[in-house]
Structure formats: C-alpha cells, structure tokens
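Below is one structure, written out as structure tokens; comments come after it.
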2 protein chains.
Amino acid sequence: MTRTTGKASPISAVAERAGVSVSTVSRVMNGHATVDRAIADRVRAAAAALNYAPNPLARSLVMGRTTTVAVLVPDLGNPTFQSMLQGVSRAAARDGYRILVADSAETISEEGILAVEMRRRCDAIVLCAPRMPAALLADLLPELMPAVLINRPAAVGLAPTVTADYEAGIRPLVEHLYALGHRTLAYLQGKPESASNAARLRGLAAFCEAHPDAELLTVDGGTAFEDGHRAAADLAGSRFTAVLAFNDLVAMGLLSGLAELGVRVPEDLSVTGFDDIPLARYTTPPLTTASVPVLELGEQAWRRLHSLIVNETPADDVDYRPHLEVRRSTAPPATPRSRT
Amino acid sequence: MTRTTGKASPISAVAERAGVSVSTVSRVMNGHATVDRAIADRVRAAAAALNYAPNPLARSLVMGRTTTVAVLVPDLGNPTFQSMLQGVSRAAARDGYRILVADSAETISEEGILAVEMRRRCDAIVLCAPRMPAALLADLLPELMPAVLINRPAAVGLAPTVTADYEAGIRPLVEHLYALGHRTLAYLQGKPESASNAARLRGLAAFCEAHPDAELLTVDGGTAFEDGHRAAADLAGSRFTAVLAFNDLVAMGLLSGLAELGVRVPEDLSVTGFDDIPLARYTTPPLTTASVPVLELGEQAWRRLHSLIVNETPADDVDYRPHLEVRRSTAPPATPRSRT
DNA sequence: GTCGTGTGAGAAAGCGTTTTCTCACTTTGT
DNA sequence: ACAAAGTGAGAAAACGCTTTCTCACACGAC
C-alpha cells in the first residue's frame, strides 16, 4: 500500500507512519533542535516513503514569508524589460526565490491595483513602471514595501532604486554625431509621458546649449519597430543628416524602412539607437548605440530587494551610465550639396 | 485613529470594528448568502476604513486554489520563449490568474525538481521543456497535473499539448529554396538533443527523398546569434548556395557574419530562418522564414490549462503548421561558375 | 533521597481565511 | 396560539504547517 507517488500527503500522515507527533516531523524536516537520531531516521524514512514535501502555502502562511517576489514590467514584449526580468529572475533563483511576473501593458490604468495585488502574494516587489504618475507611485510605495524601483530616478529616496542615466547616456551619442560633423539632427522621441524620454530630452538640451551651431529637432516616434519603420518616409527626404532614435527597436525599424526606400545608412543618413539590445550588433549595418546593462540592472535590483527582505540596509542606489557603442550605422555626413 | 493605510489588518479586526463575527465579514466580502443589508453596509464600511483585503495566502490555503499558474521555460533570454510567456501571461491575466515564472537554463539537470517545486505553489503548470528526456517527463507528469505541454509532440496523450509542427514547417522553406533553383543546401542545426531539431531533420529527410537531385548537408550550429555568426566563416567559402538556419536568431547571426565577410545575401548565398521572431522582418535583408505563432501557442496553452483547472475537458491538442514567409534573404542561386 | 538541570518529544496555539454546523429568533400555516 | 419552516448570524472546524509551552524522564550534585 506504499504509494511512492500521488497526491501530496500532509505532515500528519508522515507523523502517523513514523509513530511520532507532527511537531517532531516538522523539527526533523527543518533540521531543528536535537531530535533523537533513531527517531529522525524513522521520520525521514516515512517522509520518503510517502513522498512528502511540506505544503509551501501553509508554510508561507505560518512563517510569514513566501520566498517569492513580484516583478512588474510595462511590456513583456519589449526586449529591454525581458532582459530586466531575466536579470532579476536569475539572481533571485540563486537565492532560492521565485518570480511572480506581471505585464501591466494590458491594464495601464490599474497598474497600481495590480502592483498591490501582486505584492500581497509575496515578500517584495520590483517595480518597473516608467509611466506611472509620480504621485500615484508615492501613494503606493508604503503599501508595497519592501520594494525596489527600476528606472525611476525621480523617486530616489522613496525606495532603493537602480537606474540607467538616460540623460547622461545620450550625450556621448549625440556628441559622437557632432564630432563626425553632423549639424542637423533629429531626435525621434518615445512616449512623451515616459520619464526616460524626458531624461533624453534634457541631455539633448544640454548638448544644444553647448553647441549653438547644431540644430536638433524632436520629432514624434514611439517605442516599437513599427514606429521607427513608419518614420522612415518622413526622415528619408528631410534635411537631417543624422537621427537619434528613442531606442534600438525604433532604430531597427527605421533602418529597415530606410533600406526599403533606398536610403543608405550611414552614407546618406546616420542612425543611432539606445539600449544595446542583443540584436543591435547584428543589424545591417550594426547599430551605433548607447549600451545599457539591463541584465545588470535586474540583478542589482534583486540584490537590494534581497537586502530589504532579510532586513539589511541595501547597497546604495546605483545609476548606470550607458556607454557609447560605436558600430557602423554612423559616419560623417555626405558632403553637403549646398557646397557644390 | 482610523489609519487608511498601513500593514494589512486581518479579518478579525474588521469583524471587531463592525461588531460582528468573522464569519459574517467573510460572507459579506464574498457576497455569500443573504446577510442583512444594514449589517453588510456596516461591514463594508469597516473594511474600507481599515483598508482591508483578504490575505491571499490564507485564502489559498483554505480554498485549495491560488489563481496562479507556473510557466517553465528553458531560456528567458530567447525571444521565442519570451513570446510564449507573454502569450500565456496575457491570456491568464484576462481570467484573473497570475504567472509564476522560472527559467530552467540555470539548472538544466534539476529541471524536474524545479517544475515540481513550482507546481506545488500554484494550481497548474505550463511546461516548455524541449530538452527534457521523455522518460523523466512521463515520470513527472502525474505529479504536475494539471499541466499543459508546449512543443512536446512526442508526449501527446500524456497531457494537453500545443505544438508547432517543425517537421512540416521546414518543408515549404526548403521547397521554396529548391524551387528557386538551389541544389546544394546546408542545414545549420540546433542542439542535437532538442526535439524540434529532430523534427526539422525529419522534414528535411523527407525533402531529400522527394528530390534526389538535391544535396543537403547538416552542419553544427546552435541556437543563438553567436552560433550563427561563428558559422559564417565556414559557410562563406563553401559550395552551398543556400543555408537553412535552425532559427531566426542563428540566421541573423549568420547574416551579420556574412555581411562582415562581404558575402552578399541573397545574391551570393540564400539564408532562411525559423520562427519569425518580431525582428525577422527588420533584418537586412528581411529574413525569409517559417512563421510560428508563438504568442498564439502561449494563449492556447492557457486556454487548455484553464479548462483543466475548472474541470472541463480541454480543447483538442493543436498543432500549428508554420507558414512560409518569403522575404528578401532568398533568391535564385548565382549562375554557377562551373558553367563557365 | 531530594533538588535542580537538561533533554527530547507531545500538546496546543497560532497564521488568516472559508465553510459547515448550530441555534436563536422570526414568520407562516392551521 | 402552537408547531413547522425560514432567516440570519455566531461558534467552531478545517486548511497544513511552525513554534512555543509543557511535561515526563533521566542525570549528576548536594
């Protein structure tokens, strides 16, 4: 009648089979206190025979911890957030934690509700919500703690934060173009309400101030391939000699659109991306971009969250400065025809 | 003394404040039975004042369901699995379910343990484990039910399964190349132990049988960009006029490597991918590939899992036949020099 | 021989819910 | 008016565990 598989047997079954109390089984399973060697062996044998494993739910309830954390990202379809998730997931796995994941894209208006609901099922939360209004975030955070923020530089002080410095990061990119000789530039912006778009704009504003001879225009783009692809037509015939795309995805869409239109990159037009997603180095031509260590961002988020969970003071906030990755989508502008 | 925020108050606090028993609070919160209108209002007021929400853990323990399902994927860094995850996640979210995600890449040898452990924390599991030995899978499944399998055609019958038919899917691809005039082809294979690689090989074998005049050689590749990139050097000087890459990632790596070597695609060499990941249409040249509806795969997996959870009989297994997506990375072979 | 002092194991009290069981208090039927 | 049937709410059991509290027993010390 010994079934080595089947539905989970409760601790009481093990206790009964071993002829001891549940307390003793619990003690054995958790390696607690000193329990007589012979009895412990009997318990272990019984547990093995019944294929016993403690019910994690019951365990969580009584212990007040789930060894699970939530990760909320705005779009599971975006390589950047995918990598963040992967970074958190891997790091957390090493510490024996599981990930509860949610994609807020579907329910942008109820992002807050979603976050709270997720949070209550686990021990802590990593919040990547670039477009959540600051006020809402501030309201929410007390309910969410322990929490770590990704890419919410404005919220520094509210919770441990890991960020990429998009403002500083775009500077080398645009300076690179300037150094190549570009003076008429376009910035194909992302969603205007996004914090990181604002940061890029600040960085670009600083650039303009430093180089009054350069002209930089912001044009509406988006955050996805399609947005870049769509923008190609407008940009192809324009007077711009270089365009900074909001991110790599948009840049790739643009690259593809331009190729279809017969515009040569970088000969006719230089293009830059942002993020350095894995595919950026495999585009044609390989994309000049600002490299953001997203996996690292996820890992560092986990480190801080873990500290909070075990009641240590987390490491200081970290702000990754993206580094310029020069590839082949940028080159000096063609000799202006006006010279002719 | 009314704190509208703060640590979660238990149901007993609400009961006390409303001057009723916990049972009544529970009934009100769950809209059960008929409870006196006046009392119900009092309870709701108390709950609101205390910002009460039932503890999901306790709820799960007693109700025996968590409204959470696990998704196990072999690599969170791979666009294909990312899309599957997204597909499951979105569909599950619509039904009010959360996703517990795990990346087995780190612990390939303990994939089984991981699966069981995840499964015990929730109501069901979606298993995407293309390289798990069939015997292990069969052993594991009883413990995992309810479960749904993705891309394990060999396991049909053990659990509801959604698959892409890689064997049938590669056929139109290679036939397309054959029709273009290619007779010397290379298949840049993935991991030999993977089920979907075996399926592709079967499809290709059938092709060879049907076209004795064509020569097709299998060469070792891999599953990632880097693998394709690395293979470029070998393939560049070869006599092959077309190469079928294991998947789009490999194809893109290959494209990039070939571009660096000055090999023109498709003029000098035709290249195909597999999967039709979002970026495939934005490569240069856009990639001819077999389109696998991965998001759909995830969604269908969820549908079946949901059925199992609510004790309905799930829809029949579904086997998506990838469809040929002809883009611009394939063309007739260059006129052979041997003719000269 | 009595008094600490350990030691090891069982009993019981939670953890925060839901749900069944009970029962007091109306209504209704006659 | 009196039993039968309904209502609505509290008490208590259950979910499966961990942990504190208790206590029986055996040991050396005085």
Side-chain angles (χ1 to χ4, degrees), chain A residues 6-47 50-68 96 116-117 119-123 143, chain B residues 6-47 50-68 96 116-117 119-123 143:
Chain A
K7 297 297 93 186
S9 23
I11 195 173
S12 56
V14 181
E16 197 176 337
R17 186 180 231 269
V20 299
S21 73
V22 292
S23 333
T24 302
V25 179
S26 173
R27 279 189 281 257
V28 172
M29 298 304 291
N30 295 293
H32 270 186
T34 68
V35 31
D36 190 87
R37 182 62 187 268
I39 295 191
D41 285 347
R42 226 164 65 222
V43 168
R44 267 187 286 270
L50 294 174
N51 191 25
Y52 171 74
N55 179 321
L57 248 57
R59 211 151 186 278
S60 296
L61 179 59
V62 65
M63 299 182 61
R65 62 197 202 97
T66 60
T67 51
T68 299
V116 171
E117 205 257 314
R119 170 61 185 82
R120 298 207 68 222
R121 293 174 188 254
C122 59
D123 300 343
E143 267 187 281
Chain B
K7 296 297 93 190
S9 23
I11 196 173
S12 56
V14 181
E16 197 175 339
R17 186 181 231 267
V20 299
S21 73
V22 293
S23 332
T24 301
V25 179
S26 172
R27 280 190 281 256
V28 172
M29 298 304 291
N30 295 293
H32 270 185
T34 69
V35 33
D36 190 87
R37 183 63 189 269
I39 297 191
D41 285 347
R42 224 163 67 222
V43 168
R44 268 186 285 269
L50 293 174
N51 190 25
Y52 170 75
N55 178 322
L57 248 57
R59 209 149 188 279
S60 297
L61 179 60
V62 65
M63 299 183 59
R65 60 195 204 99
T66 60
T67 52
T68 300
V116 172
E117 205 257 314
R119 171 59 186 84
R120 300 209 66 223
R121 294 175 188 253
C122 59
D123 300 342
E143 266 186 283

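Every chain is numbered from 1, with letters handed out A, B, ... down the list of sequences.
- Counting only heavy atoms from C-beta outward, the side chains of Thr66(B) and Arg59(B) never approach each other to under 4.5 Å.
- Ile39(A) comes within contact range of the sugar-phosphate backbone alone, with a heavy-atom separation under 4.0 Å but no base atom that close.
- Counting heavy atoms from C-beta on, the side chains of Thr68(B) and Asp123(B) never come closer than 4.5 Å.
- When only modelled atom types and interatomic distance are considered, Thr67(B) and Arg121(A) share a side-chain donor-acceptor pair under 3.5 Å.
- Each end of the helix from dG1(C)-dC30(D) to dT30(C)-dA1(D) gets its own rotation axis from five pairs of C1' atoms, and the angle between them is 60° to the nearest 10 degrees.
- The separation between Asp36(A) atom CG and dG10(C) atom P is 11 Å, rounded to whole Å.
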(request) Apply the test side-chain contact (heavy atoms from CB on, under 4.5 Å) to residues Ser26(B) and Ile11(B): give CA-CA distance (whole Å), side-chain angles for both, the deciding distance (0.1 Å), then the verdict. (result) CA-CA 8 Å; Ser26(B) 172; Ile11(B) 196 173; 4.0 Å; yes
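- Counting to the nearest Å, the C1' atom of dT18(C) and the CG atom of Leu61(B) are 10 Å from each other.
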Taking N or O atoms only and anything under 3.5 Å, show me the protein contacts with nucleotides 17-22 of chain D, one pair per line.
residue, atom, partner, partner atom, Å
dC17(D), OP1, Tyr52(A), OH, 2.9
dC17(D), OP1, Asn55(A), N, 2.8
dC17(D), OP2, Ile11(A), N, 2.3
dT18(D), OP1, Asn30(A), ND2, 3.2
dT18(D), OP1, Arg59(A), NE, 2.7
dT18(D), OP2, Ser26(A), OG, 2.9

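- Arg17(A) has its side chain out of reach of Val14(A): every pair of non-hydrogen atoms, C-beta onward, lies at least 4.5 Å apart.
- Following rounding to the nearest Å, Arg37(A) (CZ) and dA9(C) (P) show an atom-to-atom distance of 13 Å.
- Taking atom CD of Glu16(A) as the reference point, atom C1' of dG10(C) lies 15 Å away to the nearest angstrom.
- Other residues, nucleotides and ligands contribute over 12 non-hydrogen atoms within 6.0 Å of the CD atom of Glu117(B).
- With a 4.5 Å cut-off on side-chain heavy atoms, Asp41(B) and Arg44(B) count as touching.
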